[in-house]
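Down below is the structure, laid out as structure tokens.
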Amino acid sequence: MDAFGNRPPTLSHLSVRHFDISTRGKLMRFLLKLMAFCAALVPVLWGQAKPETAKKPADVRFTLDMLDKNADPCTDFYTYACGKWKAANPIPSDRPSWGRFNELQEHGEYIVRDILEKAAVDKPGRTATEQKIGDYYATCMDESAIEKAGAKPMQHDFQSIAALKSKDELPKEIFRLHREGVDVLFGFGSGSDFKNASQIIAEVDQGGLGMPDRDYYFKDDAKSVELRQKYVEHVQKMFELLGDAPAKAAAEAKIVMEIETGLAMGALDQTSRRDPQKIYHKLSNRELAAFSPAFNWNVYFEGVGAPKFDSLNVIEPDFFKQMETVINSFSLDDWKTYLRWHVVHANAPVLPAAFVTENFNFFAKTMQGTKELRPRWKRCVGFAGDDLGEAIGQIYVKETFGEEGKARMLTMVNALEKALGEDIQSLPWMGEDTKKQALVKLAAVTNRIGYPDKWRDYSSLQIVRGDALGNSQRANQYDLQRRLNKIGKPLDKRDWPYPPMTVNASYNPNQNNITFPAGILQPPFFDKQADDAMNYGAIGAAIGHELTHGFDDEGSQFDADGNLRDWWTADDKKKFEERTSCIKDQYGSFVAVDDLKLNGKLTLGENTADNGGLRIAYMALLSTLAGKEPAPTDGLTARQRFFLGWANAWCQNRTDPFQRMLVTIDPHSPAKYRVNGTVSNMPEFREAYQCKADAPMVNQNACRVW
Ligand SMILES: [Zn+2]
């Protein structure tokens with residue numbers, strides 16, 4: 001289950017760096033570390049069925065009519081490349097944004113729906129996998145049964161909370177809720193030991209907030225103040241839906257806001273969370289206990305289902321000191337109110353329409369500018385993918401992913417790795433010692449293409465037809481247990497962070513590997529029928545992007561084995577930082593929405609990866625062309641088409657509220673700057689489009705790291 005912290009916070013700290021943030025809620029977890037954030041970004045909410053209006057996208061291949069020929073590529077390349085596409089593809093009313101990624105994602109949703117509908121037919125001889133995915137989907141689609149059950153499926157949670165006799169019993173209730181997927185108080189899970197990456201250790205993280213990020217609780221601009229007020233109103237309405245009188249519900253909402261603000265005070269902001277030094281504190285269980293003596297950690301660790309351990313990564317020690325203050329500052333009754341809120345908040349997507357609509361109204365409509373709920377089947381496809389991703393994925397890859405695609409992809413990955421190697425060797429600013437280390441790291445990168453070699457085993461997860469909330473809670477429990485079982489064991493690199501139909505890609509600094517699932521290996525990113533120039537500009541630059549993450553401001557702090565270890569000479573590190581600060585300043589000057597500028601530091605890693613990725617993809621293309629200039633296609637040279645391939649992949653429309661929200665929490669720049677920022681740093685672009693020296697797409701102080 002995806003939406004609204006509906007899984008316990010088991011995130012790995014910095015870990016996976018993704019190519020794009022806007023695809024699925026699940027991915028957000030890996031990026032942002034905190035469960036509670038996810039769903040606010042991705043409008044996957046349940047509710048009343050809407051007549052189906054969406055059409056199956058016919059073909060998402062690049063075509064010339066996406067270009068705005070009236071725009072000058074040297075003035076605004078993004079508008080030139082995407083202008084017509086943008087005009088022809090307004091944001092659908094059930095989305096906060098719409099782009100090429102979404103077209104591809106939607107295409108995949110239809111394929112997955114077919115798989116699920118077939119499996120949902122209850123006939124003898126269904127495989128265990130078909131029973132699980134089919135019954136899950138059929139149950140999700142059965143709105144009338146969900147309406148009939150009302151709030152009843154949550155009764156066991158409310159009774160358990162009401163029965164608490166003292167705050168000493170909080171750990172017992174917290175682990176019970178974490179196992180069901182309710183994000184309360186803090187997060188717990190497992191991850192690589194930063195300094196011994198082949199070993200998995202336990203980790204505790206900040207958590208327990210209803211809004212997407214700690215900054216939402218403190219920013220004092222008019223829009224943020226208004227949003228907080230609307231959040232409190234939303235919490236009140238949810239209590240009213242549970243049957244509380246308005247005055248009581250209002251008082252309860254106030255308490256929730258106070259407790260969450262207290263917790264948020266101890267939480268790190270997103271920019272700090274990109275700094276591995278700030279999120280790695282390997283401490284003994286006893287040291288953690290000393291931060292928050294009011295909370296019995298032994299009771300929690302045992303009850304939540306973790307194997308025995310005596311040290312763990314306490315991601316933000318300050319958070320757990322603050323947690324002590326917050327626990328002591330509120331009464332048992334206040335805590336009961338807070339827990340009750342999070343139960344309804346986490347489960348809202350699997351509740352009757354009144355809850356779904358109220359949930360949607362705040363998190364999707366107010367916060368992101370989305371006009372209406374997605375059709376029910378799309379939400380159910382999304383939830384099934386989150387809860388049973390690899391069970392569906394096994395069937396999906398059989399139907400969609402050919403060996404031929406995998407082979408061509410591997411050829412490109414090899415070409416990109418070779419180009420990055422040559423790039424490193426030719427860097428004018430880096431000394432020989434550091435170069436040698438960088439090449440060792442590059443040679444150690446491993447590639448995962450298409451789908452995992454070892455599929456997740458869902459046999460212990462029980463899916464019951466007719467029990468929507470139970471299915472969701474059991475899936476959360478299964479997933480938490482799966483993560484906790486890794487504690488104390490060696491890292492298993494065969495384990496993928498997301499299912500193969502995902503439209504995204506990632507680099508993991510603790511594993512020094514890149515992952516390209518089958519979902520992204522399709523047009524417009526990878527088109528078997530397109531020429532090399534377009535493919536190198538699109539999927540080639542995406543591969544380059546992921547490889548460069550191993551060498552961005554964050555990834556560069558990890559070595560070939562994924563350990564947090566400084567392999568740089570002091571002098572080279574200084575030069576590296578001078579160069580990354582050029583990118584930080586460049587992107588920090590871009591305006592995201594109204595007068596709100598990008599956070600150059602938060603987006604530094606992604607921007608570095610975009611710039612490095614596009615450059616090495618260009619080098620790889622030239623080496624593939626081997627000095628031969630292909631005849632222009634559609635009147636465009638191979639070099640021009642390369643840059644178009646890049647820009648086209650980023651064609652996108654976004655609502656202003658959504659853009660505003662992402663500036664705070666998204667480490668990626670908006671699409672326009674992913675395109676214009678990168679090309680303006682490349683003299684090769686200027687040459688390809690014959691731009692004048694003073695054209696806007698020619699950055700006078702071109703930034704270059706890799
Ligand atoms: Zn990235």
Side-chain angles (χ1 to χ4, degrees), residues 13-15 17 192-199 271-282 416-446 507-514 544-588 600-620 667 678 681-683 701-706:
H13 29 81
L14 89 150
S15 72
R17 315 290 305 150
S192 283
D193 183 340
F194 282 17
K195 298 218 165 146
N196 180 16
S198 61
Q199 198 62 33
T271 304
S272 301
R273 286 175 69 85
R274 289 194 63 255
D275 181 348
Q277 307 288 352
K278 289 190 181 154
I279 55 171
Y280 178 71
H281 308 91
K282 197 171 171 187
L416 264 295
E417 286 176 353
K418 191 166 152 266
L420 180 53
E422 287 163 8
D423 175 62
I424 290 168
Q425 265 154 345
S426 69
L427 287 178
W429 55 270
M430 189 185 266
E432 285 310 313
D433 287 349
T434 310
K435 278 184 183 175
K436 219 155 89 192
Q437 297 275 344
L439 291 169
V440 168
K441 178 163 185 181
L442 175 63
V445 173
T446 51
Y507 172 80
N508 186 331
N510 290 134
Q511 302 185 9
N512 196 23
N513 61 9
I514 58 174
H545 172 106
E546 300 310 336
L547 288 172
T548 308
H549 269 316
F551 304 89
D552 68 17
D553 58 319
E554 182 180 274
S556 63
Q557 300 184 51
F558 293 85
D559 68 12
D561 299 319
N563 292 320
L564 185 59
R565 179 179 72 81
D566 193 4
W567 45 271
W568 294 68
T569 64
D571 192 38
D572 287 341
K573 193 77 189 191
K574 204 169 142 256
K575 287 182 189 145
F576 174 76
E577 280 160 6
E578 276 163 25
R579 283 173 180 261
T580 52
S581 82
C582 176
I583 290 189
K584 192 180 82 186
D585 295 343
Q586 180 193 11
Y587 283 78
K601 205 169 168 205
L602 175 64
T603 57
L604 178 56
E606 295 300 333
N607 297 331
T608 304
D610 279 346
N611 279 276
L614 193 62
R615 168 166 301 282
I616 62 169
Y618 188 80
M619 290 170 66
T678 46
N681 284 329
M682 285 182 72
N701 302 307
C703 302
R704 180 171 169 190
V705 184
W706 299 101

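Because the structure is a prediction, the values reported are computed rather than measured.
- Checked by atom type and distance alone, the side chain of N512 never pairs as donor or acceptor with a backbone atom of G562 at under 3.5 Å.
- Taking a 6.0 Å sphere around NZ of K418, one finds it holds 12 or fewer heavy atoms contributed by other residues, nucleotides or ligands.
- Although no hydrogens or angles enter the test, the distance criterion places no donor-acceptor pair under 3.5 Å between the side chain of K584 and the main chain of L604.
- Closest heavy-atom contact between N681 and P683: O-CD, 3.5 Å.
- Taking CD from E554 and OG1 from T580, the interatomic distance works out to 13.0 Å, rounded to the nearest 0.5 Å.
- With hydrogens and angles disregarded, a donor-acceptor distance shorter than 3.5 Å links the side chain of N563 to the backbone of N196.
- A donor-acceptor contact closer than 3.5 angstrom links the side chains of D572 and T434.
- With 3.5 Å as the limit, one finds no donor-acceptor pair spanning the side chains of N607 and Q586.
- Counting all heavy atoms, side chain and backbone alike, A419 lies closest to I616 at CB-O, 3.4 Å.
- Listed for the E546 side chain is a donor-acceptor partner under 3.5 Å among the backbone atoms of Y507.
- The salt bridge (charged side-chain N to carboxylate O under 4.0 Å, His left out) with D423 is formed by just one residue from the set R615, R704, K435; it is R704.
- The NZ atom of K574 lies 11.0 Å from the OG1 atom of T569; values are rounded to the nearest 0.5 Å.
- With a 6.0 Å cutoff to the six-membered ring centre and a 45° limit on the axis angle, K441 counts as a cation-pi contact of F551.
- The two residues L442 and L420 come nearest to each other via the heavy atoms CD1-CD2, 3.6 Å.
- In this structure a side-chain-to-backbone donor-acceptor pair under 3.5 Å is missing from Q437 to D433.
- Here the side chains of W706 and N611 are not in contact, with every heavy-atom distance at 4.5 Å or above.
- Judged purely by distance below 3.5 Å, without hydrogens or angles, the side chains of Y587 and D610 never pair a donor atom with an acceptor atom.
- Atom-to-atom distance recorded for D561:CG and S198:OG is 8.0 Å, nearest 0.5 angstrom.
- Side chains of H549 and P509 form no contact here, defined as non-hydrogen atoms less than 4.5 Å apart.
- Rounding to the nearest 0.5 Å places CZ of F576 at 7.5 Å from CE of M430.
- A distance of 8.5 Å separates CG of L564 from CG of D559, quoted to the nearest 0.5 Å.
- Two residues are said to be in side-chain contact when any heavy atoms from C-beta on lie closer than 4.5 Å; K195 and Y280 meet this criterion.
- Proximity of F558 to Q511: side-chain heavy atoms (C-beta onward) are nowhere separated by under 4.5 Å.
- Between K601 and R274, the closest side-chain pair of non-hydrogen atoms is not below 4.5 Å.
- The distance from atom CG of L416 to atom CG of L547, rounded to the nearest 0.5 Å, is 6.0 Å.
- Using a 4.5 Å heavy-atom threshold, the side chains of K575 and D571 count as touching.
- Ring geometry for W429 versus W568: interplanar angle under 30°, hence parallel rather than tilted (30 to 60°).
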